[in-house]
Undergrad: 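Below is a structure I'd like to ask you about.
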There are 2 protein chains.
Amino acid sequence: VAAFDQATAVHPRADGTTFDVALDQAWTIPGARPNGGYLLATVARAATAAATAAGAPQPHPIAVNVQFLRSPAVGPATVETEVLRTGRTASQVRARLVQDGSPCVEALVTLGTLHAGSEPWWGGAPPVALAPEEACLPMPPMLDVDGPSLRDSISVTFDPSVLGFMREEPSGEGELKAWFRFADGRDVDPLALLFVADALPPATFTIVNTGWVPTLDLTVYVRAVPAPGPLRMRFRARIIQDGLVDEICEIWDSADRQVALATQLAALRLPPPS
Amino acid sequence: VAAFDQATAVHPRADGTTFDVALDQAWTIPGARPNGGYLLATVARAATAAATAAGAPQPHPIAVNVQFLRSPAVGPATVETEVLRTGRTASQVRARLVQDGSPCVEALVTLGTLHAGSEPWWGGAPPVALAPEEACLPMPPMLDVDGPSLRDSISVTFDPSVLGFMREEPSGEGELKAWFRFADGRDVDPLALLFVADALPPATFTIVNTGWVPTLDLTVYVRAVPAPGPLRMRFRARIIQDGLVDEICEIWDSADRQVALATQLAALRLPPPS
């Protein structure tokens with residue numbers, strides 16, 4: 001079993017709607033907190049299982065909205081699900097990650113059917129221009145971390161042009177560009193795209209050196225089943241205003257197709273004017 | 001009281017978490033179904049009232065996700081709310097519109113504080129290029145409608161370049177551009193922006209003549225308190241694939257600031273290849 005599948009495994013209880021999960025240290029960010037996209041993927045796996053058990057014929061999460069409420073710790077948690085509708089075109093599920101009685105992540109999951117190898121009937125954008133994978137660079141660790149963490153589970157390499165912020169020379173562009181692979185070579189499927197869409201650091205790091213930028217609300221649309229191989233990602237900030245930023249993430253597969261689009265709203269604390 | 005405020009009024013029951021609403025014929029689309037953005041705004045008004053009653057200090061919906069499950073009829077309905085978190089920066093609420101015991105709209109609402117007159121600290125896009133309001137045109141009615149409908153409640157006028165589809169000459173651009181006002185002159189505030197973000201017909205009408213394009217999942221970020229006056233809107237399709245389309249809506253105020261960004265995923269049935 002690939003590391004991602006093991007870490008996001010869900011175990012149904014007898015009620016058929018509650019799932020036990022074990023939040024895994026190897027998918028944490030500094031501070032030993034599980035990565036947001038990892039939580040999202042875990043919740044969506046439970047939601048998909050609940051919908052399938054309720055007769056939904058669609059296998060793929062195609063739209064997922066999440067609110068991040070509290071950061072859970074590594075260890076046991078549950079996902080509570082409620083199937084709201086099973087339909088011909090789409091089915092819809094509400095799901096909540098709970099730890100120690102407190103809701104941590106609230107999610108809306110829409111399931112649909114994507115056809116492997118399909119192409120856009122209209123639209124789509126060409127892949128982000130990105131240096132070849134071998135010329136791209138991992139981000140140095142920002143904090144010492146004890147034990148395994150997200151860095152051990154994935155391979156993200158950035159276009160050298162975006163990494164100035166690591167030398168305190170931010171590009172000012174508001175944009176990160178990177179290649180993505182799982183460290184163990186697992187191919188990315190629609191469920192895993194939900195994780196990938198939140199796997200990069202904040203794009204605002206290329207603009208301003210703030211503390212952490214907690215995501216409040218995240219939406220991912222999965223538009224295609226990725227072809228095997230590495231993914232290319234572009235993560236852009238749009239507007240920083242009133243202590244909030246909205247960012248957009250686009251992901252392309254090795255066949256140059258746009259496979260996911262995500263937006264998020266996050267809070268950030270700007271440094272005082274100098 | 002302005003028509004929008006009357007139509008979206010919410011009346012708390014003694015439990016403090018359930019709200020009675022009356023879905024109003026004057027906010028319906030053809031088929032006598034309440035407009036999706038109107039439902040969203042009504043649900044968000046109830047969520048905001050519930051959060052305020054629970055001590056949340058933030059007045060504005062800043063991020064709203066909705067799943068459209070079933071189309072309710074005009075008439076009485078309830079909104080059930082659950083405050084998930086009240087925090088310093090943001091508060092978060094889950095809410096559901098129910099009619100005749102069936103969930104119709106499931107929503108996640110994040111509240112924050114926007115400062116009137118604030119400008120972006122970074123980013124933002126200039127307003128869409130649009131013919132002057134007096135040179136723009138309303139969309140002719142597509143179906144005969146008995147009694148009042150959405151067309152009577154709002155004034156939407158389109159850039160003439162996008163209306164070819166009304167003459168069976170679609171532009172192929174995947175883009176609608178329009179001015180927006182409420183018919184009674186009410187200014188648009190953050191709550192009303194939630195409605196405006198879903199007030200235009202599908203952008204896919206400029207590409208292909210399908211039947212209705214039901215929205216499955218909609219996300220609106222409100223980024224600023226609009227200045228008084230008309231709004232400018234651009235609504236663009238991104239990718240049509242596997243019977244689904246994702247669309248993005250941008251809204252600017254009379255002070256040329258981007259005040260809302262919305263994305264949606266909708267289902268559409270393409271005509272058979274000719």
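Chain letters run A, B, ... following the sequence lines, proteins first and then strands; every chain starts at 1. The structure presented is a predicted model; accordingly, all values stated were derived computationally and were not measured.
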Undergrad: Taking every non-hydrogen pair under 4.5 Å, which of A/Leu108, A/Val245, A/Asp246 racks up the most with chain B?
TA: A/Leu108
Undergrad: Going from OH on B/Tyr221 to OG1 on A/Thr263, what distance comes out if it is rounded to the nearest 0.5 angstrom?
TA: 3.0 Å
Undergrad: From B/Ile240 CD1 over to B/Ile207 CD1, what is the distance, rounded to the nearest 0.5 angstrom?
TA: 4.0 Å
Undergrad: Where on A/Leu261 is there a heavy atom nearer than 4.5 Å to chain B: the side chain, the backbone, both, or neither?
TA: side chain
Undergrad: Could you tell me which portion of A/Val64 (side chain, backbone, both or neither) has an atom closer than 4.5 angstrom to a non-hydrogen atom of chain B?
TA: neither
Undergrad: Heavy atoms only, distances under 4.5 angstrom: which of A/Thr113, A/Val66, A/Thr219, A/Thr204 has the most pairs with chain B? Name it, please.
TA: A/Thr219
Undergrad: Charged N to carboxylate O below 4.0 Å: is that the case for A/Arg223 and B/Asp242?
TA: no
Undergrad: Counting only heavy atoms closer than 4.5 Å, note whether A/Thr89 contacts chain B via side chain, backbone, both or neither.
TA: side chain
Undergrad: Considering only NZ, NE, NH1 and NH2 on the basic side and carboxylate oxygens on the acidic side, decide whether B/Glu82 and A/Arg96 come within less than 4.0 Å.
TA: yes
Undergrad: Could you look at A/Arg257 and say if it's the side chain, the backbone, both or neither that has a heavy atom under 4.5 Å from chain B?
TA: side chain
Undergrad: Hey, which of A/Asn65, A/Thr110, A/Leu216 has the most heavy atom pairs under 4.5 Å with chain B?
TA: A/Asn65
Undergrad: Could you tell me which portion of B/Leu268 (side chain, backbone, both or neither) has an atom closer than 4.5 angstrom to a non-hydrogen atom of chain A?
TA: neither
Undergrad: Non-hydrogen atoms of chain B under 4.5 Å away: do they reach the side chain of A/Val222, the backbone, both or neither?
TA: neither
Undergrad: Before accepting this row, confirm whether a basic side-chain N of the pair B/Arg94/B/Glu106 lies closer than 4.0 Å to the acidic partner's carboxylate O.
TA: yes
Undergrad: Angle class for the B/Phe165/B/Phe205 ring planes (parallel below 30°, perpendicular above 60°, tilted otherwise)?
TA: tilted
Undergrad: Report which part of A/Leu244 has an atom under 4.5 Å of a heavy atom belonging to chain B: side chain, backbone, both, or neither.
TA: both
Undergrad: Checking B/Ser102 against chain A: side chain, backbone, both or neither under 4.5 Å from a heavy atom?
TA: neither
Undergrad: Measure the CD-OG1 distance between B/Gln99 and B/Thr78 for me, rounded to the nearest 0.5 Å.
TA: 9.0 Å
Undergrad: Using non-hydrogen atoms and a 4.5 Å limit, figure out which bit of A/Val225 sits close to chain B: side chain, backbone, both or neither.
TA: neither
Undergrad: Under 4.5 Å heavy-atom distance to chain B, tell me which part of A/Glu119 shows up: side chain, backbone, both or neither.
TA: backbone
Undergrad: So which heavy atom on B/Asp198 is nearest to which on B/Gly37, and how close?
TA: OD2-N, 3.2 Å
Undergrad: Tell me whether the count of non-hydrogen atoms from other residues, nucleotides or ligands lying under 6.0 Å of CD in B/Glu168 goes above 12.
TA: no
Undergrad: Calculate, to the nearest 0.5 Å, the distance between atoms CD1 and CZ belonging to B/Ile251 and B/Phe235 respectively.
TA: 10.0 Å
Undergrad: Taking side chain as everything from C-beta outward and backbone as N, CA, C, O, which of these in B/Ala237 sits under 4.5 Å from a heavy atom of chain A? Side chain, backbone, both or neither.
TA: both
Undergrad: Sort B/Arg269 into side chain, backbone, both or neither according to what part of it lies under 4.5 angstrom from a heavy atom of chain A.
TA: side chain
Undergrad: Donor-acceptor pair, distance only, cut-off 3.5 Å: does the side chain of B/Gln258 make one with the backbone of B/Glu250?
TA: no
Undergrad: Is it the backbone or the side chain of A/Ala267 that comes under 4.5 Å from a heavy atom of chain B, or both, or neither?
TA: side chain
Undergrad: Considering only heavy atoms and a distance below 4.5 Å, find which of A/Gly243, A/Ser118, A/Ala224, A/Ala125 pairs most often with chain B.
TA: A/Ser118
Undergrad: Among A/His115, A/Gln92, A/Arg85, A/Arg70, which residue has the highest count of heavy-atom pairs closer than 4.5 Å to chain B?
TA: A/Gln92
Undergrad: Keeping the roles fixed (side chain from B/Thr206, backbone from B/Glu175), state whether a donor-acceptor pair exists under 3.5 Å.
TA: yes
Undergrad: Measure distances from B/Leu69 to the heavy atoms of chain A and classify the residue's part below 4.5 Å as side chain, backbone, both or neither.
TA: both
